[in-house]
Amino acid sequence: MTRGGFGRRIAVAAFVALFSVCLAMTLAPRAGWAQQARQGVNPTAQAVKEEQLLKELDRVTGRVSIPDSKAGTLIQPEGREWRAYHERTLHWIGGIAILGMLAVLALFYSVRGKIRIEHGWAGVKIMRFTTFERFVHWLTASSFIVLALSGLNVVFGKVLLLPLVGSDAFAVFSQWAKYAHNYLSFAFAAGIVLTFVIWVTENIPNRTDIAWAKQGGGILGHAHPPAGKFNGGQKLIFWSVVLVGAAIAASGYVLMFPFYGTNIADMQVAQIIHGVLGVLMIAVILAHIYIGTLGMEGAFDAMGTGEVDLNWAKEHHSLWVEEEMSKARAAGGGAAVPAE
Amino acid sequence: MARVKFLCDGDRCIECNACVTACKNENEVPWGINRRRVVTINDGKPGERSISMACMHCTDAPCKAVCPVDCFFTTADGVVLHSKDLCIGCGYCFYACPFGAPQYPRVGNFGSRGKMDKCTYCAGGPEADLTMAEYEKYGANRLAEGKLPLCAEMCSTKALLAGDGEIIAQIYKERVVKRGYGSGAWGWKTAYREGIDV
Ligand code: HEM
Ligand code: SF4
Ligand code: SF4
């Protein structure tokens, strides 16, 4: 080995060492920057993600510069669920409730027939409902019928009526139906309040109703379980009209004043409550109409003229007749029958 | 025929609201109604994103399904339009729309909320193309003139894309691949039942 060779080796080693240091010095910060760049510049690292927002909150909302808070809801996939409710579920509920009730009533009529006055017409009448009571009943009933038909038009009209009359006529009809639904709502709401006020005391459930219910109200057999002014079935109708009617009116006014303190989810719920209770109430009222007209001899007079046949009254409301009789006796009049 | 769609690239939108203004002007949109709006999510926080939203012209549109007078129709291009002559202003389309697109001239629902108004994809309405009657009720019909919706055409950052759904999806995909990130095609899964996978 020569000195020169040794010197060269040292020179090479020194060069290699120097080169490595330089390389390390240049590369090390680069690597650091690269890492930093990926974190600092990647603008999606913290970006909001649609899927995540939908998973966490069901809907995507944000801030808008226009003065309409509803517009801040960017995406509400629930709209599709509400659509499924409105176009499928509600159609099924309404169809089953209303057609089902009609079928039950038809079956009942074919089996039981018209419930006759067993002892025949007495020919003597007894006052059952005053003019004011009948006014309240017909105020509620007539507005209900218009509300029911115009409400059903919103749900089933485009399936049942539109193909028959065509788009233009159907739109005109629907517009008027909507006016009727919205304006007559006040008559209906007033009717519900008055119904409650005039009849609530006579509709408090009591023991008589239990006995009445145990005998099935005498609906199927020929029994005539005792009952006061209103029997158990009528009390049931009273309370469903008052309570369900109030809920329908309340939800209806929410629909009529949309987004007054409500958001889109509240509106959808109000809509569902209104629609479902509406079609169910229609089914209940069909039974009520049936028993007041076709189903029972002598019943319609109560709301027609206000006076019912004494034998009818004795058979269906024995306790009430006794009460009226004793009231008349106490009043000193010989006539037990207030009206001819 | 093409199936037209909207796509808002949230990573490009700078919330300038030019699309909103362009739409209002081009279509003479009545006071109080905004066919397009820009919603800012996580405003002022890290990860904030702005999305320009109008009617997405959904596949199997919910508004169309729930309308009690059945006044909607979908054009051959996939644009969802409605007839203001038939509309009774019930407000149901707003309950069903996932994107808050339908708007009404009146706030209360007493009698009617008035004729519903929404983005038409600058495609007018059921009236004959480019007539005054069409313009007064629905605004411009740029599609009939061979042009795209003005909002997207004049978007300064090209965040808002309009046109054939497949082409704008392709443009978006290329962007995402090139820049290496993308917060997704907002609303596409809800509106079209398909996202854009990159
Ligand atoms: C105070 C009473 C009521 C008010 C304020 C009211 C209001 C409304 C409103 C605002 C709507 C939305 C559609 C429209 O704008 O026209 C509606 C729909 C409807 N209403 Fe009423 N309503 C009332 C009573 C009733 C009653 C008594 C019934 C049933 C017998 C009824 C059945 C319906 C039905 C079935 C719908 C359609 C629901 C649907 O499409 O899902 N409403 N009502
Ligand atoms: S975005 Fe709303 S208004 Fe537009 S098509 Fe879809 S459901 Fe209808
Ligand atoms: S507001 Fe008009 S377009 Fe909307 S669902 Fe009602 S009738 Fe149809």
Side-chain angles (χ1 to χ4, degrees), chain A residues 38 42-51 53-54 59-68 70-80 82-84 86-87 153-155 157-159 162 167-168 170-179 182-183 255-260 264 267-268 271, chain B residues 10-11 15 17 20 32 34 37-51 53 62-63 65-71 83 85-92 94-100 103 107-113 179-191 195:
Chain A
R38 233 174 283 131
N42 178 1
T44 53
Q46 290 177 304
V48 282
K49 294 264 162 20
E50 179 187 5
E51 249 165 272
L53 291 173
L54 286 178
R59 44 169 54 84
V60 180
T61 52
R63 188 192 60 80
V64 276
S65 50
I66 46 174
D68 178 1
K70 298 194 293 298
T73 302
L74 182 68
I75 307 175
Q76 57 114 12
E78 294 82 357
R80 288 218 183 251
W82 183 80
R83 168 248 181 105
H86 194 260
E87 297 308 304
N153 181 57
V154 170
V155 184
K158 65 179 164 191
V159 188
L162 191 147
S167 309
D168 292 316
F170 181 70
V172 172
F173 171 74
S174 298
Q175 182 70 78
W176 283 105
K178 181 166 156 38
Y179 286 137
N182 294 174
Y183 282 87
L255 292 180
M256 215 136 92
F257 300 95
F259 302 100
Y260 285 69
I264 178 83
M267 290 307 295
Q268 287 166 339
Q271 229 287 334
Chain B
D11 300 300
E15 200 202 348
N17 277 292
V20 177
N34 281 273
R37 65 197 194 277
V38 179
V39 179
T40 306
I41 302 153
N42 274 4
D43 188 27
K45 297 194 194 103
E48 162 190 316
R49 283 292 177 278
S50 291
I51 308 291
M53 183 62 81
C63 53
V66 299
C67 177
V69 294
D70 211 3
C71 76
S83 160
D85 295 335
L86 300 180
C87 169
I88 60 169
C90 66
Y92 280 19
F94 189 86
Y95 303 148
C97 173
F99 305 102
Q103 315 259 309
V107 193
N109 190 15
F110 195 62
S112 173
R113 300 198 60 185
R179 72 190 175 196
Y181 55 85
S183 67
W186 290 74
W188 271 48
K189 282 218 178 73
T190 308

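The chains referred to below are lettered A, B, ... by the order of the sequence lines, with proteins before strands, and numbering in each begins at 1.
Proximity of B/Val69 to A/Lys158: side-chain heavy atoms (C-beta onward) are nowhere separated by under 4.5 Å. Looking at B/Phe99 and A/Leu74, their side chains never come closer than 4.5 Å, going by heavy atoms from C-beta outward. Side-chain contact between B/Val107 and A/Phe259 is absent, with no heavy-atom pair separated by less than 4.5 Å. Using a 4.5 Å cut-off on side-chain heavy atoms (C-beta onward), A/Asp168 and B/Leu86 make contact. In this structure the side chain of A/Ser65 reaches within 4.5 angstrom of the side chain of B/Asn17, judged on heavy atoms. Within the 4.5 Å cutoff, the side chain of B/Asn109 has no heavy atoms near those of the A/Phe257 side chain.
In this structure, no portion of A/Phe173 lies under 4.5 Å from any heavy atom of chain B. With a threshold of 4.5 angstrom between heavy atoms, A/Leu255 approaches chain B through its backbone and through its side chain. Heavy atoms closer than 4.5 Å to chain A are found nowhere in B/Lys45, neither backbone nor side chain. For B/Cys71, no part lies under 4.5 angstrom from a heavy atom of chain A. For A/Val60, the part lying near chain B is the side chain, with the backbone staying farther off; criterion is any non-hydrogen pair under 4.5 Å. With a 4.5 Å cut-off on non-hydrogen atoms, A/Ile66 touches chain B through its side chain but not through its backbone. For a residue to count as touching a neighbouring chain, one of its non-hydrogen atoms must lie under 4.5 Å from one of that chain's; by this rule A/Ser167 touches chain B with backbone and side chain alike. With a 4.5 angstrom heavy-atom cutoff, B/Val38 touches chain A only via backbone atoms. Heavy-atom distances place the side chain of A/Leu162, and not its backbone, under 4.5 Å from chain B. Both the backbone and the side chain of A/Gln175 come within contact range of chain B, with heavy atoms under 4.5 Å apart. With a 4.5 angstrom heavy-atom cutoff, B/Cys67 touches chain A only via backbone atoms.
Residues B/Phe94 and A/Trp82 place their aromatic rings such that the two centres sit no closer than 6.0 Å.
Under a 4.0 Å N-O distance rule, the pair B/Arg49/A/Glu50 does not qualify as a salt bridge.
When each of B/Pro46, B/Gly184, B/Ala65 is scored by its heavy-atom pairs under 4.5 Å with chain A, the top score falls to B/Ala65. Highest contact tally toward chain B, considering only A/Gln271, A/Lys178, A/Glu78, is held by A/Lys178 [criterion: heavy-atom pairs under 4.5 Å]. Contact tally against chain A (heavy-atom pairs below 4.5 Å) for B/Cys90, B/Gly100, B/Ser112: the top residue is B/Ser112. Highest contact tally toward chain B, considering only A/Ala71, A/Pro77, A/Ser174, is held by A/Ala71 [criterion: heavy-atom pairs under 4.5 Å]. Highest contact tally toward chain A, considering only B/Asn42, B/Ile41, B/Val20, B/Ile51, is held by B/Ile41 [criterion: heavy-atom pairs under 4.5 Å].
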Checklist line | A/Arg63/B/Glu15 under salt bridge (charged side-chain N to carboxylate O under 4.0 Å, His left out): CA gap, chis, key distance, verdict | finding: CA-CA 11 Å; A/Arg63 188 192 60 80; B/Glu15 200 202 348; 2.7 Å; yes
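Nearest heavy atom pair, residue A/Gly72 against residue B/Val39, reads O-CG1, 3.7 Å. The two atoms that bring A/Pro258 and B/Tyr95 nearest to each other are CB-OH, 4.1 Å, heavy atoms only. The two atoms that bring A/Arg80 and B/Pro98 nearest to each other are CG-CG, 4.3 Å, heavy atoms only.
Interatomic distance, OG1 of A/Thr73 versus CZ of B/Arg37, reported as 7.5 Å (0.5 Å rounding). With rounding to the nearest 0.5 angstrom, the CE atom of A/Met267 is 9.5 Å from the OH atom of B/Tyr92. For the atom pair SG (B/Cys97) and CD (A/Gln76), the distance works out to 7.0 Å, reported to the nearest 0.5 Å.
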